[in-house]
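Inspection log for the structure reproduced underneath, given as structure tokens.
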Amino acid sequence: MGIKDNYDVIVVGAGHAGCEAAAAAANMGCKVLLITMNMTTIAQMSCNPAMGGVAKGQIVREIDALGGYSGIISDKTAIQFRMLNRSKGPAMWSPRTQNDRLKFAEEWRYTLENTPNVDFWQDMVARIIVKDNYVKGVITAMGKEFYSKTVILTNGTFLNGIIHIGEKQFSGGRSGEKAAKGITEQLNELGFESGRMKTGTPPRIDGRTIDYSKTEIQEGDKPKRKFSFLDFPIEHKQLPCYITYTNPKVHEILQKGFEKSPLFTGRIQGLGPRYCPSIEDKIVRFSERERHQLFIEPEGWRTHEIYLNGFSSSLSEEIQYEALRHIPGLENAKMFRPGYAIEYDYFPPHQLELTLETKLIKNLYFAGQINGTTGYEEAAAQGIMAGINAALRIKNQEPLILKRDQAYIGVLIDDLVTKGTDEPYRMFTSRAEYRILLRQDNADRRLTKIGYNIGLAKEDRYQELLQKEKEISEISELLNQFYIEPENSHEILEYLNEQPLKTRQKAAHVLLRPNVKLENLRWMNPKLSAKLYEYAYEALEAAEIEIKYQGYIEKEIALVDKMKKLEDIRLPENLKYENCHGLSNEAKQKLLKIKPQSIGQASRISGISPADISALLIFIGR
């Protein structure tokens with residue numbers, strides 16, 4: 001059977017955003033065409049071979065909870081798992097995997113090829129087909145026309161991409177792959193505003209030439225855990241990562257290349273990621289530091305290729321090579337390829353609705369780095385939401401807009417659309433004002449029912465959620481039924497630097513103490529311990545957090561309820577802000593630009609003051 005000419009959804013680009021978009025729309029029953037310039041690089045990990053991290057790990061768990069694939073595929077290809085920030089409160093815990101780069105891409109392609117309703121086409125999309133401000137399909141470089149009801153652009157770093165290595169520069173969307181031409185120019189003609197951004201990647205090292213005895217070993221967590229809330233076995237052996245450091249000699253060598261660096265000579269115009277700077281950027285911005293930490297990360301089980309995390313650079317390959325050989329453990333290192341910087345086009349995201357549909361062209365969605373984000377996780381999150389909303393549009397159903405108190409994904413999209421970004425956006429826990437509610441442990445409890453109701457999360461996932469909810473409730477009941485006796489707890493509490501009990505207390509009450517964990521209670525009451533062994537780890541962890549942080553959780557819920565009053569006050573789409581006399585001129589300009597959907601969204605726009613909000617409320621008769 002040949003390629004169909006008409007689809008419900010066309011997804012342009014098969015990076016992390018495109019893969020999640022195609023999978024979501026297809027699993028919701030839509031006919032999907034995924035167009036990529038290279039079928040062998042579907043879901044390519046262009047930069048570091050890792051998923052998750054601080055706040056990013058929460059996003060991967062949210063994608064999984066909705067019914068996406070990023071978590072499952074990360075788990076199946078993980079060579080190491082670590083839960084970051086365990087020394088802090090549970091709102092900060094962030095899962096991260098180190099992944100086998102080749103297996104990750106292979107597993108994504110296998111998954112998509114075995115997803116009903118997904119067709120593939122290898123080609124470059126040169127233009128979109130637009131009629132009466134509605135997108136109707138795409139035209140490829142080979143002149144093939146494909147028609148569809150919706151189109152999702154997930155072009156990554158390929159739009160007019162330029163790669164920089166020292167004084168060399170050449171067109172490319174990624175090392176060894178050509179850039180995409182035509183889309184930016186057409187969108188500009190249609191009235192879209194575009195800009196340039198920059199990102200970079202470090203050199204790849206031959207692991208056989210590294211002296212690991214001069215580095216610090218970093219093992220994975222034991223027992224190994226997972227991103228996905230689904231129950232399936234993971235048997236792979238974990239591989240260690242290693243830590244080393246730069247030094248003044250390394251910095252001195254790198255500085256020799258600054259006069260020819262595209263970053264400092266002005267050849268790179270795009271803004272780079274503030275929170276993942278190149279090594280040359282670090283030396284300039286943190287000149288007082290004598291060393292910077294580097295992570296030696298394996299690329300897979302069956303390769304010697306090493307990713308040198310923290311050493312992203314666009315300096316000449318000669319300078320990179322000379323500097324590498326003065327880093328402890330890398331004195332005899334050989335490079336597989338040098339690091340490079342890449343500049344690419346993006347479209348400021350204030351031009352989008354909260355559904356990720358563009359304001360100018362109906363049924364056209366943007367997801368991923370085209371919206372000014374950085375990172376696989378942020379891209380995948382936008383991809384799944386664009387795929388969901390395109391599918392809901394096809395079905396004539398209400399769109400799905402996750403709120404800031406529901407998900408990090410909601411924070412991400414609201415930040416992009418409401419505040420915009422002129423530098424690559426990266427998610428942090430500090431961006432979420434309700435992060436005690438948005439923990440990694442409860443992503444399924446927040447989102448799986450939503451995914452199930454829209455037809456994305458499947459029955460097995462929903463049943464696992466119901467079982468987990470049942471277990472959490474039973475564990476909480478047990479902790480309120482069983483008591484801890486003073487004589488059985490004295491030594492353990494003393495060891496934990498906690499005051500001894502004067503009278504018997506409920507286990508739940510003892511758990512409220514700062515240094516006491518659920519595992520400590522097992523030793524204080526053997527009968528309780530026997531009962532708790534019947535429950536899954538995830539349910540035990542969730543119940544413990546819920547009891548221990550109940551006061552903080554209740555305060556945050558109260559704050560959410562208060563803010564919802566503002567979110568519930570809707571603003572008409574064509575409100576004449578210029579006629580509101582109490583608004584400042586800056587407020588009028590920004591409100592006309594963003595066109596917020598609610599008073600709550602308006603209040604988060606940069607430059608909108610409380611006085612502006614009061615004037616707006618009066619203007620709309622509230």
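The line from OG1 of Thr97 to NZ of Lys224 is 8.5 Å long, rounded to the nearest 0.5 Å. For the atom pair CZ (Arg604) and CD (Glu433), the distance works out to 7.0 Å, reported to the nearest 0.5 Å. Taking CD1 from Ile59 and CZ from Phe227, the interatomic distance works out to 11.0 Å, rounded to the nearest 0.5 Å. To the nearest 0.5 Å, the span separating CZ on Arg393 from CD on Glu357 amounts to 4.0 Å. Separation of atoms CD (Glu485) and CG (Leu501) is listed at 9.0 Å; rounding is to 0.5 Å. Rounding to the nearest 0.5 angstrom, the gap separating the CG atom in Leu438 from the CG atom in Asp441 is 11.0 Å.
Ion pair Glu464/Lys458 not flagged as a salt bridge, since none of the NZ, NE, NH1 or NH2 atoms sits closer than 4.0 Å to an Asp/Glu carboxylate oxygen. A salt bridge is absent between Lys403 and Glu567: the closest approach of a Lys/Arg side-chain nitrogen to an acidic carboxylate oxygen does not fall below 4.0 angstrom. The residues Glu353 and Lys595 are annotated as not salt-bridged, no charged nitrogen and carboxylate oxygen being separated by less than 4.0 angstrom. For the pair Glu469 and Lys449, the salt-bridge criterion is not met [side-chain N within less than 4.0 Å of a carboxylate O]. Ion pair Lys56/Glu378 flagged as a salt bridge, since at least one NZ, NE, NH1 or NH2 atom sits closer than 4.0 Å to an Asp/Glu carboxylate oxygen.
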Side chain to side chain contact (heavy atoms under 4.5 Å, CB included) between Trp301 and Ile79, worked out | CA-CA 7 Å; Trp301 284 292; Ile79 59 180; 3.3 Å; yes
Kindly determine whether Gln550 and Glu546 satisfy side-chain hydrogen bond (donor to acceptor under 3.5 Å, both in side chains), including the steps that lead there.
-> CA-CA 5 Å; Gln550 185 178 2; Glu546 207 161 78; over 6 Å; no
Tell me, with the steps shown, if Glu216 and Thr244 meet side chain to side chain contact (heavy atoms under 4.5 Å, CB included).
-> CA-CA 7 Å; Glu216 304 167 20; Thr244 187; over 6 Å; no
Starting from the C-alpha separation in whole Å, work towards a yes-or-no answer on side chain to side chain contact (heavy atoms under 4.5 Å, CB included) for Ile620 and Leu571.
-> CA-CA 8 Å; Ile620 63 171; Leu571 290 171; 4.0 Å; yes
Mind running side chain to side chain contact (heavy atoms under 4.5 Å, CB included) on Arg445 and Leu465 for me, showing each step along the way?
-> CA-CA 7 Å; Arg445 302 176 74 190; Leu465 169 66; 4.0 Å; yes
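Contact of the Asn525 side chain with the Asn488 side chain is not registered, since no non-hydrogen atoms from C-beta on lie closer than 4.5 Å. A heavy-atom distance below 4.5 Å is found between the side chains of Leu412 and Gln382. Using a 4.5 Å heavy-atom threshold, the side chains of Ile547 and Ile475 count as separate. Using a 4.5 Å heavy-atom threshold, the side chains of Arg404 and Asp415 count as touching.
Panel note: side chain Gln58, backbone Ala55; a donor-acceptor pair is recorded below 3.5 Å.
Between the side chains of Glu20 and Ser70, at least one donor N or O sits under 3.5 Å from an acceptor N or O.
In summary, of the residues considered (Asp231, Asp444, Asp64), a salt bridge (Lys or Arg N to Asp or Glu O under 4.0 Å) with Arg461 occurs for Asp64 alone.
Stacking of Arg431 on the aromatic ring of Tyr425 is recorded, both the 6.0 Å distance cut-off and the 45° axial limit being met. For the pair Arg439 and Trp93, the cation-pi test (distance below 6.0 Å, angle within 45°) is failed.
More than 12 heavy atoms of other shown residues, nucleotides or ligands fall within 6.0 angstrom of atom CD in Glu487.
Nearest heavy atoms, Cys30 versus Asp8: CA-OD2, 3.4 Å.
Each ring-ring contact (aromatic ring centres under 6.0 Å, His included) pair with one or both residues in residues 439-479, not counting sequence neighbours, appears once here: Tyr452-Tyr462.
Ring geometry, Tyr376 versus His16: the interplanar angle falls under 30°, so the pair is classed parallel (tilted spans 30 to 60°).
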